[in-house]
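Input: a single structure, listed below in structure tokens.
Just so it is clear: chains get the letters A, B, ... in the order the sequence lines come, proteins before strands, and each one is counted from 1. Bear in mind that the values here come from a model prediction, so they are computed numbers and not experimental data. Note that these values count all heavy atoms, side chains included, but never hydrogens, waters or copies made by symmetry.
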Amino acid sequence: MKFLCTRCDEVMKLAGAQAGDDTVGLTFSCPKCGGSFAMLTNPAETTLVKGLGVQVGGRSEPAPLMEVIQSSVARDTENQITWDPGAETRLANVPPFARPMARKAIERFAESKGIRTITAAVMDEARALM
Amino acid sequence: MRMYHEVAGDGGSDILGQVGKMMERLAGRLSLIKSVIAVASPKGGVGKSTVAAHLAASLARRGARVGALDADLYGSSLPRLLAPEFIGANATRGEEGLFPIAGVFGVRVMSLDYLTGYGARASVAWAGAGGSITRGPVEASALRELLADTQWGELDYLIVDTPPSVGRLGDLTALVPSLAGVVLVSAPTLLAYQVTLKSIERVRALGVPLLGLVENMRGFTCDLCGAANRINVEGEMGETLSIMGVPALGALPYDQRLLKPAGEAGPIEAVERIADALLAKIGGHAAARA
Ligand SMILES: Nc1ncnc2c1ncn2[C@@H]1O[C@H](COP(=O)(O)OP(=O)(O)OP(=O)(O)O)[C@@H](O)[C@H]1O
Ligand SMILES: [Mg+2]
Ligand SMILES: [Zn+2]
């Protein structure tokens with residue numbers, strides 16, 4: 001895309017870029033009359049451009065490794081931790097009303113220890129601290 | 001007012017320059033790889049991943065330096081077939097790229113599974129607005145990054161396992177103009193062969209060599225009586241394809257050993273023959289190293 005100042009028929013110069021979470025703001029100004037405007041991309045446009053692996057406003061540094069993949073993968077923060085069958089069986093012994101709480105508590109414990117898979121042994125460890 | 005073509009430059013983002021840099025990085029990476037081979041099929045479940053994995057393992061066993069790229073972004077299978085001990089592993093980051101996972105016989109495996117952080121537990125989901133409109137570019141970029149940002153090192157062969165359908169094989173051929181060719185895989189059913197036939201024009205139009213067809217699951221040997229059974233294909237479509245100029249690379253029987261991770265059951269004769277045929281086809285530099 002190119003931008004022209006309709007008053008001067010002059011090419012607008014990119015004056016600045018500002019990136020939000022899912023939007024980018026670009027300001028352009030006319031070198032002749034000084035007139036300026038901002039272009040604000042909507043979330044879909046932002047995703048599209050990011051998906052192409054280019055950066056609006058240009059790049060001064062080489063693109064980071066696996067940039068598009070890393071910035072496009074939906075992180076499943078809720079499901080980072082898995083339960084093995086042994087641990088699930090143990091959890092089934094907890095009365096139903098208390099189960100969700102117990103699950104969360106043990107997951108929090110596992111998270112604090114950087115444990116990804118909850119086993120019966122992890123549950124013992126957690127219980128010892130509770 | 002001047003129109004687009006009368007105005008020099010772009011909006012200031014130097015998009016063409018950025019794309020040039022991307023392609024430069026990719027070309028640099030590919031320059032260390034002698035042959036990139038795609039395994040493809042218009043039909044799902046015919047054995048692309050099985051063929052890709054067992055071929056990669058076979059070539060590596062012979063002493064070749066082999067990479068295996070899982071380009072089936074939503075159905076990655078190579079981690080299980082080539083590096084079963086590293087399911088759920090994350091690729092480590094080096095200065096120059098992400099290190100592939102060392103699989104059987106040292107096959108260097110790369111898959112989205114090693115990058116998403118949720119690994120083998122779920123296939124990839126993309127964040128961001130735009131849905132189907134933005135998915136295409138993201139998929140093409142992901143493929144480019146898997147090729148360009150993986151520290152493959154020097155390779156004799158990079159085997160690429162592709163998703164079912166040849167519709168987007170063009171993404172790969174655009175990224176790898178020097179592609180050594182495409183190996184087509186078909187199952188012995190009339191429908192699979194018919195769809196394979198239809199895909200040939202599509203593959204040829206991409207301007208890449210069609211290395212040949214692997215007829216997968218073509219027969220089986222009876223465990224009880226030892227008789228070799230042929231699974232019938234109403235009129236030998238494999239031969240029809242060869243009349244159409246699609247060379248046969250060989251056939252794979254239905255074989256329990258192919259269900260296991262590649263290499264685990266030792267060399268499989270039918271796989272070895274296909275690997276030989278493939279090497280003969282592309283001028284096989286691996287045989288020399290063995
Ligand atoms: N020759 C064979 N003998 C026995 N089993 C086989 C053979 N070829 C493939 N299979 C099995 O058939 C199934 C499908 O094979 P595979 O996953 O390789 O197909 P695909 O074409 O890669 O599938 P997709 O289209 O989903 O990527 C797998 O479970 C695989 O183990
Ligand atoms: Mg597959
Ligand atoms: Zn102006």
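- Atom CD1 in Ile133(B) sits 8.0 Å away from atom CG in Leu48(A) (nearest 0.5 Å).
- Residues Ala74(A) and Trp126(B) come closest through the heavy atom pair CB-C, 4.0 Å.
- Annotation for Arg202(B): atom CZ does not count as buried by contact number, only 12 or fewer foreign heavy atoms lying within 6.0 Å.
- One distance of note links CZ of Arg135(B) with OG of Ser72(A); it measures 13.0 Å at 0.5 Å rounding.
- Proximity of a side-chain donor or acceptor of Asp9(A) to a complementary backbone N or O of Arg2(B) within less than 3.5 Å is detected.
- Between atom CE of residue Met66(A) and atom OG1 of residue Thr150(B) there is a gap of 3.5 Å, rounded to the nearest 0.5 Å.
- With contacts defined as side-chain heavy-atom distances shorter than 4.5 Å, the pair Val7(B)/Leu4(A) qualifies.
- Judged purely by atom type and a 3.5 angstrom limit, Ser141(B) uses its side chain to pair as donor or acceptor with the backbone of Gly51(A).
- With a 4.5 Å cut-off on side-chain heavy atoms, Ile69(A) and Leu146(B) count as touching.
- Side-chain atoms of Leu65(A) and Arg25(B), non-hydrogen and from C-beta on, do get closer than 4.5 Å to each other.
- Interface remark: of the candidates Ala129(B), Gly12(B), Gly130(B), Ala129(B) forms the most heavy-atom pairs closer than 4.5 Å to chain A.
- For a residue to count as touching a neighbouring chain, one of its non-hydrogen atoms must lie under 4.5 Å from one of that chain's; by this rule Glu95(B) touches chain A with the backbone only.
- Proximity to chain B (any heavy atom under 4.5 Å) is shown, for Gln55(A), by both the backbone and the side chain.
- Taking CD of Gln70(A) as the start and CG of Leu98(B) as the end, the distance is 7.5 Å to the nearest 0.5 Å.
- Remark: Glu6(B) CD is packed, more than 12 non-hydrogen atoms of other residues, nucleotides or ligands lying under 6.0 Å away.
- Options Ala148(B), Gly17(B), Ala125(B) differ in how many heavy-atom pairs under 4.5 Å they form with chain A, and the most are formed by Ala125(B).
- Although no hydrogens or angles enter the test, the distance criterion places no donor-acceptor pair under 3.5 Å between the side chain of Lys2(A) and the main chain of Ala8(B).
- For the atom pair CZ (Arg59(A)) and CE (Met22(B)), the distance works out to 6.5 Å, reported to the nearest 0.5 Å.
- When heavy atoms are compared at a cutoff of 4.5 Å, Glu96(B) approaches chain A solely by way of its backbone atoms N, CA, C and O.
- Going from atom CE of Met1(A) over to atom CD1 of Ile15(B) covers 9.0 Å, rounded to the nearest 0.5 Å.
- In the displayed structure, Arg257(B) atom CZ is contacted under 6.0 Å by more than 12 heavy atoms of other residues, nucleotides or ligands.
- Looking only at heavy-atom pairs under 4.5 Å with chain B, the residue among Ser71(A), Ala17(A), Gly53(A) that has the most is Gly53(A).
- Taking chain B as the reference chain and counting heavy-atom pairs below 4.5 Å, the highest number among Thr47(A), Asn42(A), Val11(A) is found for Thr47(A).
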